[in-house]
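One structure is given below, encoded as structure tokens.
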Amino acid sequence: MVTDLDKIFSNFEKNEIFEDKSYLQPNHTPKQIYHRDEQIKQIASILAPLLRGEKPSNLFLYGKTGTGKTLSIKYITQEILSRSKNLSFDLKIEYINCKLKKISDTEYRILAELVRRMGGEVPDTGLPTESVYTRFVDLVDKNKKIIVLIFDEIDQAVKKISDDFLYNLTRLNSELSKTKISIVGISNDLTFLDNLDPRVRSSLSEEELVFPPYNALQIQDILKMRAEKAFKKDVLSEGVIEKCAAYAAREHGDARRALDLLRIAGELAEREGSKKVLLRHIDESNQKIERDKILDVIRTEPKQFQLVLYSIINLVKQKNGPIFTGDVYNYYQDLCRTYKSDILTQRRVSDIIQEFDMLGIINVRVISKGRGGRMREIKLAINNKITEKAEEIIKEALEYG
DNA sequence: GTCAATTCACATGAAAGAGACCACGGTCTAGTG
DNA sequence: CTAGACCGTGGTCTCTTTCATGTGAATTGACGA
């Protein structure tokens, strides 16, 4: 036992792989951004009026995940802020990530977060939303300011709340006398604007910009640049970067994915005590990312969700073919009885199944069997190995939970 | 045989309830001068 | 008289239930050839 620990720690101390891992961390902002010159220039020229104290147009950025939207906007805001030291007014640029649950599940929370960023205080709950609005207005309108609000993954927020939240935001400007607010929306859903209230759409997207996916070569450039700083010399074996890039390019040119892949591969190599990152490590890394992501979701899911998923897994194993909503619900009911759990209505279970679909754990298709009715056809979207592991996790959670 | 109506087994939507959490303002209580 | 304890009201949030309406195609049954 002790010797094992010794081995682990000494491997770690030797640290023959990484020079500075932070260059591969997702939140690292590099000094130089490759292959986004055009976009950065455009954003900069749109936001430039800030430095003259004018309100810039609202801006909307599109692009799949990992195409550098967040990176570019953060880079530009930094540049702008660093040039704004001696301006005669307050310039505030706030970045809000709507994907983080605690912050942005509801209108109230987003607003509360805004107030806090502006230096005010709001309780987590208990106040009417309206009063948070007035608090925000009071706080912001005390002296002349220009505020840029950046909403990352704004589509998530709108899905959860509704678009009149955005309408309220765009309307805020008319309630403010001294301060002006600009909004930058970032979305990776290209159809997002189409389903928006027209009033909101026109005011929100005065300017639009699309971030195309990186191709494999561009990802290679990015990886090379970061890998140079992150890894020690000659640690990466031939073709590692190329392989990472290829994997990521397959996933709609997601550079973040490529970086994760490389970082995890490095960690795996390090853990093994290997002196080099091999091609094999990339494959393992790819699997590990996938597995960890899914198992983590499953682990943290509430009990009822686990029961439903457990039903699905078992049914798929039994029937060895597609299964349907009704099957799942029946099995689920039995399962609830054996574990003495409350039984949810079919309506609710239906929603739960849909959520698993969204998480990518199962694949769901609505089919009609004519007179046999209309239902979802459910398949597992994860491979057997992960499924088994998932089953174990759930079983454990159910017996000890 | 053809065509519209019917029917199945859910999907999908909207609204509202339950229970947990919490802020705010008013009232009560006890300690202080 | 005042600070702090206590309470009631009204707000949010999440997870659910209830009620209502929608839906795609196999089946049915009336109808005409």
- Note on the structure: Whole-Å distance, A:Tyr108 OH to C:dG11 C1', equals 8 Å
- Message: I'd like to know if A:Arg83 pairs up with A:Glu79 as an ion pair, taking the criterion as any Lys NZ or Arg NE/NH1/NH2 lying under 4.0 Å from an Asp or Glu carboxylate oxygen.
- Response: yes
- Task: Report the distance from atom CZ of A:Arg135 to atom P of B:dA23, rounded to the nearest whole Å.
- Result: 11 Å
- Task: Take A:Leu344 and A:Glu130, find for each the nucleotide of DNA chain C with the closest heavy atom, and name the residue whose nucleotide sits nearer the 5' end.
- Result: A:Glu130
- For the side chain of A:Pro128, counting heavy atoms from C-beta on, which of C:dC13, C:dG11, B:dC10 is nearest? C:dG11
- Task: Please list, by residue number, the residues of residues 345-363 of chain A whose heavy atoms come closer than 4.0 Å to an atom of DNA chain C; answer none if no residue qualifies.
- Result: A:Thr345, A:Arg347, A:Arg348
- Item | Atom-pair distance (CG on A:Leu307; C1' on C:dT16), nearest Å | 15 Å
- Has A:Thr325 got a side-chain N or O lying under 4.0 Å from the OP1 or OP2 atom of B:dA9? no
- Message: Less than 4.0 angstrom between a side-chain N/O of A:Arg371 and OP1 or OP2 of B:dA5, yes or no?
- Response: no
- Go through the side-chain N and O atoms of A:Asn383 and A:Arg291 and say whether any donor and acceptor fall under 3.5 Å apart. no
- When the nearest nucleotide of DNA chain B is assigned to A:Asp327 and to A:Pro123 on a heavy-atom basis, which residue is associated with the more 5' position? A:Asp327
- Query: B:dT12 P sits how many Å from A:Arg376 CZ, rounded?
  - Reply: 5 Å
- Is A:Lys385 close to A:Lys389 at the side-chain level, that is, under 4.5 Å between some pair of heavy atoms? no
- Query: Looking only at side-chain N and O atoms, does A:Arg374 come under 4.0 Å of OP1 or OP2 in C:dG22?
  - Reply: no
- Task: Indicate yes or no for a side-chain donor-acceptor contact from A:Tyr332 to the backbone of A:Leu344 under 3.5 Å, with no hydrogens or angles considered.
- Result: yes
- Expressed in angstrom and rounded to an integer, what is the separation of A:Tyr133 atom OH from C:dG11 atom P? 17 Å
- Query: B:dC10 P sits how many Å from A:Ile367 CD1, rounded?
  - Reply: 11 Å
- Choose from B:dC24, C:dT16, B:dC10 the nucleotide whose nearest atom is closest to any side-chain atom of A:Gln304. C:dT16
- Query: Nearest to the side chain of A:Val366, which nucleotide is it out of C:dT14, B:dT12, B:dC24?
  - Reply: B:dT12
- Distance flag, aromatic centroids of A:Phe231 and A:Phe18, threshold under 6.0 Å: yes
- Query: Is it true that the side chains of A:Arg376 and A:Ser350 contain a donor and an acceptor less than 3.5 Å apart?
  - Reply: yes
- Would you mind reading off the distance between A:Glu377 atom CD and B:dA11 atom C1', rounded to a whole angstrom? 15 Å
- Task: Grab the CE-P distance between A:Met375 and C:dA25 for me, whole Å please.
- Result: 14 Å
- Message: Test your reading of the model: is there a side-chain donor-acceptor pair from A:Asp141 to the backbone of A:Leu176, 3.5 Å cut-off?
- Response: no
- Message: Please classify the nucleic acid contact of A:Thr129 as base, sugar-phosphate, or nothing, using heavy-atom distances under 4.0 Å.
- Response: sugar-phosphate
